[in-house]
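The structure appears below as structure tokens.
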Amino acid sequence: MPKYKPKGCKCGRKDTVNVTLANGSCGGASPIPEPCFDVCTSPICGTPQYLTLLAPVVYDEIGINLCRQITLAADFATTYPTAESATAEAISVAFSTAPGEAPVITPINGRPNCYSVTLQSLTVNFAVKLYDCAKRILAVLPVSAVYLPASGTADYTYFDEDTNPSSVELELYAPYGVSYSAANAAGPVINYVGFSTGASAPAQGLNMIIIPKVLSFDPATGEASMGLTIYLKSIYYSQYLIPHNGRAVVPKGSLIPQEDSVCMEFVSGSLLDREIKPLELGPPKNEENLKNECEDSRGCCCPPPSPMVPAPPTGTTGGEGTGDSPQTPPTPSTDNPEHDVDIEIDAASLHVPNDSSASLLDTLARLGNS
């Protein structure tokens, strides 16, 4: 069950219309009211027990490590004399389109749910940060380097059969297929998930993620050994029904108000957050059925029930056939006969005859014995 309970919920389920079920009867039993909700006009407020999410799911993945030497900048010692260390971040990768150098993605014969992927000639663009001895940033250098170099290219000088070969072949389980460029079935592509604009989100099909690490750094020459971990993943968007622990509460930075105004009151107040609940499309709630227009049944032939009238208080007469007979006062409890009980009598409630004092004494005697 979700732990979060919305506060100040003001949407949905407050202006509902009662409809009559089919088994209701105007002449017999009272109709059974059932609330009608139309989420198209009154969104449901709150949080659901389960969320239907469309999430990128990794169906298969494999990783490899590569390494090569990189020169960060010319005349490095002169330009950055106080540089002591360096870190790197992979911004993007470019796949070669030259014949014989582009990645090759082919389905495996007899195994239609798996693909063979050959990687080669990967140009990786880095952002290398230089630090001095106090870990202060001196510069951020854009550096590019080709990994898995093809034979006959300039970067083939960095070829190493063990750490930086000319190509690698990987197999991936991809049951839903791969992505293509501009609906070209002959051109399957690999989506790179990095930190550049337009290339920072996963896509359906094959995806690549690169994590670099500076293994060694020579401040005198600007040479660095740059290691790469390359992940190749088959990712597809799948829909899942998941439980959750409630909505996340975002911490808010507060400003000190300088004047009393509605704008400052808003800026200093709570963050806005829409609390309209998504529909729970599966059981047990099946809230997709709430997209039905409600019918106004206030014209039903059944009249509203009559209000209950409280009965008048019951009293006993103290006279004999007279219309103005007084009511008998409450009888004192006799649970303890030794306990004296004082009885208060309202003089206005006594019928006092004018012609005889004996009648008055007789009335008082009868009241005391009752």
Side-chain angles (χ1 to χ4, degrees), residues 54-74 76 79-80 83 85-98 101-105 115 117-131 135-150 153-155 158 164 167-168 170 172 174 177-184 187-215 217 222-237:
L54 186 66
V57 179
V58 177
Y59 277 66
D60 191 17
E61 60 183 340
I62 189 172
I64 58 171
N65 285 337
L66 302 174
C67 183
R68 60 157 282 181
Q69 292 296 115
I70 294 177
T71 301
L72 300 182
F76 187 87
T79 309
Y80 308 102
S85 60
T87 61
E89 181 179 1
I91 303 300
S92 62
V93 62
F95 301 98
S96 176
T97 58
E101 298 181 14
V104 179
I105 305 171
Y115 286 78
V117 181
T118 301
L119 298 179
Q120 52 191 344
S121 297
L122 302 180
T123 302
V124 184
N125 301 310
F126 300 98
V128 179
K129 299 178 182 178
L130 302 179
Y131 301 88
K135 299 301 180 182
R136 293 173 295 192
I137 295 181
L138 301 176
V140 179
L141 304 179
V143 179
S144 297
V146 176
Y147 286 77
L148 304 176
T153 61
D155 289 281
Y158 297 99
N164 190 30
S167 65
V168 292
L170 309 172
L172 276 180
V178 296
S179 299
Y180 298 90
S181 175
N184 181 11
V189 296
I190 299 175
N191 175 64
Y192 176 73
V193 184
F195 295 93
S196 62
T197 303
S200 59
Q204 297 249 80
L206 301 184
N207 291 260
M208 178 183 288
I209 296 176
I210 294 179
I211 301 177
K213 182 179 181 179
V214 178
L215 303 177
F217 171 65
E223 294 285 330
S225 297
M226 188 73 72
L228 284 187
T229 293
I230 299 178
Y231 290 103
L232 194 62
K233 306 170 183 281
S234 61
I235 296 178
Y236 306 102
Y237 281 86

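A quick note: this is a predicted structure, and the numbers were derived from the prediction, not measured.
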Which value, rounded to the nearest 0.5 Å, describes the distance between Leu66 atom CG and Tyr158 atom OH? 15.5 Å

Residue pair Ile235 / Pro56: nearest heavy atoms and the distance that separates them: CG2-CB, 3.7 Å

I need the Lys213 NZ to Ser225 OG distance, nearest 0.5 Å. 12.0 Å

When rounded to the nearest 0.5 angstrom, what is the spacing between OH in Tyr115 and CD1 in Ile105? 9.5 Å

Could you check whether any side-chain heavy atom of Val93 comes within less than 4.5 Å of a side-chain heavy atom of Asn125, counting everything from C-beta outward? no

Does Phe126 reach the side chain of Leu228, with side-chain heavy atoms less than 4.5 Å apart? yes

Using side-chain heavy atoms (C-beta onward) and a distance below 4.5 Å, is Val140 in contact with Val128? no

Which atom of Ile70 lies closest to which atom of Ala145, heavy atoms considered: CD1-CB, 3.6 Å

Nearest heavy-atom pair of Tyr236 and Gln204: which atoms, and what distance? CA-OE1, 3.2 Å

is_close_aromatic(Phe76, Phe217), centroid dist under 6.0 Å: yes

Quick check against the 3.5 Å criterion: does Asn164 have a side-chain atom that pairs as donor or acceptor with the backbone of Leu148? yes

Over 12 foreign heavy atoms within 6.0 Å of OH, Tyr231: no

For Cys67 against Leu215, the heavy-atom pair lying closest together: SG-CD1, 3.7 Å

Looking at every heavy atom in both Met208 and Tyr192, which two are closest together, and how far apart are they? O-CD1, 3.3 Å

Report yes if the side chains of Leu130 and Ile137 come closer than 4.5 Å at any heavy-atom pair, otherwise no. no

Take Lys233 and Tyr59 through the test side-chain contact (heavy atoms from CB on, under 4.5 Å) and record every step on the way to the result. CA-CA 7 Å; Lys233 306 170 183 281; Tyr59 277 66; over 6 Å; no

Are Glu223 and Thr71 linked by a side-chain donor-acceptor pair shorter than 3.5 Å? yes

With a 3.5 Å cut-off and no angle check, do the side chains of Ser167 and Gln120 form a donor-acceptor pair? no

If you define the side chain from C-beta out and look only at heavy atoms, does anything of Ile210 sit under 4.5 Å from Thr229? no

What I'd like to find out is whether the side chain of Glu101 reaches to under 4.5 Å of the side chain of Thr153, using heavy atoms alone. yes

So do the side chains of Lys135 and Ser85 get within less than 4.5 Å of each other, counting heavy atoms only? yes

Spacing of Asn65 atom CG and Ile230 atom CD1 [to the nearest 0.5 Å]: 9.0 Å

Mind checking whether Ile190 and Phe95 have side chains closer than 4.5 Å, heavy atoms only? yes

Tell me the closest heavy-atom pair linking Ser96 and Pro103, and the distance in Å. O-CD, 3.9 Å

Taking Ser92 for the side chain and Ser196 for the main chain, is one N or O donor matched with an acceptor at less than 3.5 Å? no

To the nearest 0.5 Å, tell me how far Asp155 CG sits from Ser144 OG. 10.0 Å

Over 12 non-hydrogen atoms of neighbours within 6.0 angstrom of OH in Tyr237: yes

Hey, which of Val58, Leu232, Asn191 is the one that makes side-chain contact (heavy atoms from CB on, under 4.5 Å) with Asn207? Asn191

